[in-house]
Amino acid sequence: QVQLVESGGGLVQAGGSLRLSCAASGRIFSTYRMGWFRQAPGKEREFVAVIRWSDGSTYYADSVKGRFTISTDGTMNTVFLQMNSLSPEDTAVYYCAVRTSLLTSTNAVDYDYWGQGTQVTVSS
């Protein structure tokens, strides 16, 4: 079992920055992938970014590439999402998730464990 707790959400003006954290506990292996997803009201949950614990390799959605950065603390305990140049279109509940498979995926259904989410609101 893996437990995930997100934090760091809030209200920010357009152009501002936020840093989300996801604290992970339980049985975590270096082969796991840690992903960030987001869900805006009335929309499906969408992929944001993913990182592989073993080598730190990352992959981003085109909509956030160059603005968001996913990283870890190096101890397989915490994953971060640094979000810069935020726009109102980034407003959503942000979730971190764990995929236990050896393959990276951008599909939410492929992730096995989820946090409760943290609200990010960007005002114009």
Side-chain angles (χ1 to χ4, degrees):
Q1 291 292 329
V2 176
Q3 295 78 41
L4 303 170
V5 179
E6 303 96 335
S7 61
L11 174 64
V12 64
Q13 289 188 333
S17 298
L18 279 177
R19 190 193 198 201
L20 305 183
S21 299
C22 175
S25 60
R27 293 175 59 85
I28 300 172
F29 298 93
S30 62
T31 53
Y32 288 2
R33 275 68 170 158
M34 296 291 294
W36 283 97
F37 290 78
R38 66 187 182 185
Q39 188 166 18
K43 295 187 177 181
E44 293 186 354
R45 192 166 297 188
E46 68 170 346
F47 167 76
V48 174
V50 62
I51 190 167
R52 186 164 59 189
W53 284 117
S54 59
D55 61 3
S57 61
T58 59
Y59 183 75
Y60 297 91
D62 288 342
S63 59
V64 306
K65 199 173 296 182
R67 300 188 299 122
F68 291 11
T69 303
I70 188 171
S71 62
T72 73
D73 65 349
T75 66
M76 296 201 298
N77 286 334
T78 307
V79 176
F80 305 102
L81 186 68
Q82 177 66 43
M83 306 185 295
N84 300 327
S85 302
L86 286 162
S87 72
E89 289 71 34
D90 296 313
T91 295
V93 177
Y94 283 71
Y95 300 89
C96 66
V98 167
R99 173 166 166 78
T100 60
S101 168
L102 294 178
L103 300 177
T104 297
S105 173
T106 61
N107 295 318
V109 296
D110 292 332
Y111 284 73
D112 304 290
Y113 301 97
W114 291 84
Q116 82 289 350
T118 185
Q119 176 70 47
V120 171
T121 303
V122 184
S123 63
S124 57

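Here the structure is a predicted model, which means the values were calculated and not measured.
In plain terms, the two heavy atoms of Q82 and S17 that are nearest each other are NE2-CB, 3.9 Å. When all heavy atoms of Y113 and L4 are compared, the closest pair comes out as O-CD1, 3.6 Å. Between A92 and Q119 the shortest heavy-atom distance is O-NE2, 3.4 Å. Closest non-hydrogen pair, A49 versus Y60, comes out as CB-CD2, 3.6 Å. Here the shortest heavy-atom pairing between Y95 and Q116 reads CE2-O, 3.5 Å. The shortest non-hydrogen separation linking S105 to N107 is OG-N, 3.0 Å.
For the atom pair OH (Y32) and CZ (R99), the distance works out to 12.0 Å, reported to the nearest 0.5 Å. Atom-to-atom distance recorded for Y111:OH and C96:SG is 11.0 Å, nearest 0.5 angstrom. Distance CE/M34 to OG1/T58: 14.5 Å, rounded to 0.5 Å. Rounding to the nearest 0.5 Å places CZ of F47 at 6.5 Å from OH of Y59. L20 CG to L81 CG: the interatomic distance, rounded to the nearest 0.5 Å, is 5.0 Å. Taken to the nearest 0.5 Å, the OG1 atom of T31 stands 11.0 Å off from the CG atom of D55.
Residue V2 is grouped with residue I70 when hydrophobic side chains (ILVMFWY) are merged at heavy-atom distances under 4.5 angstrom, including chains of intermediate members. Under the 4.5 Å side-chain heavy-atom criterion for grouping Ile, Leu, Val, Met, Phe, Trp and Tyr, L86 is connected to V48 within one hydrophobic cluster. Grouping the Ile, Leu, Val, Met, Phe, Trp and Tyr side chains by contacts below 4.5 angstrom, directly or via other members, places F68 with L18.
At a cut-off of 3.5 Å, with distance as the only test, a side-chain donor of R38 or Y94 sits close to an acceptor on the other residue. Side-chain contact of T104 with R33: a donor-acceptor pair under 3.5 Å is present, judged by distance alone.
Here the side chain of D112 pairs a donor or acceptor atom with the backbone of T100 at under 3.5 angstrom. The closest donor-acceptor contact from the side chain of T91 to the backbone of V122 lies under 3.5 Å. Remark: the backbone N or O of T118 is not paired with any side-chain donor or acceptor of E6 at under 3.5 angstrom.
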Could you give me the CA-CA distance, side-chain angles and deciding distance for M83 and V120, then say whether side chain to side chain contact (heavy atoms under 4.5 Å, CB included) is met? CA-CA 10 Å; M83 306 185 295; V120 171; 3.9 Å; yes
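The side-chain contact (heavy atoms from CB on, under 4.5 Å) search around S25 returns Q3, not counting sequence neighbours.
The local environment of CD in E44 is sparse, with at most 12 non-hydrogen atoms from other residues, nucleotides or ligands closer than 6.0 Å.
Results of the side-chain contact (heavy atoms from CB on, under 4.5 Å) test with W36 over V79, V50, I51, V64 single out V79 as the only residue that passes.
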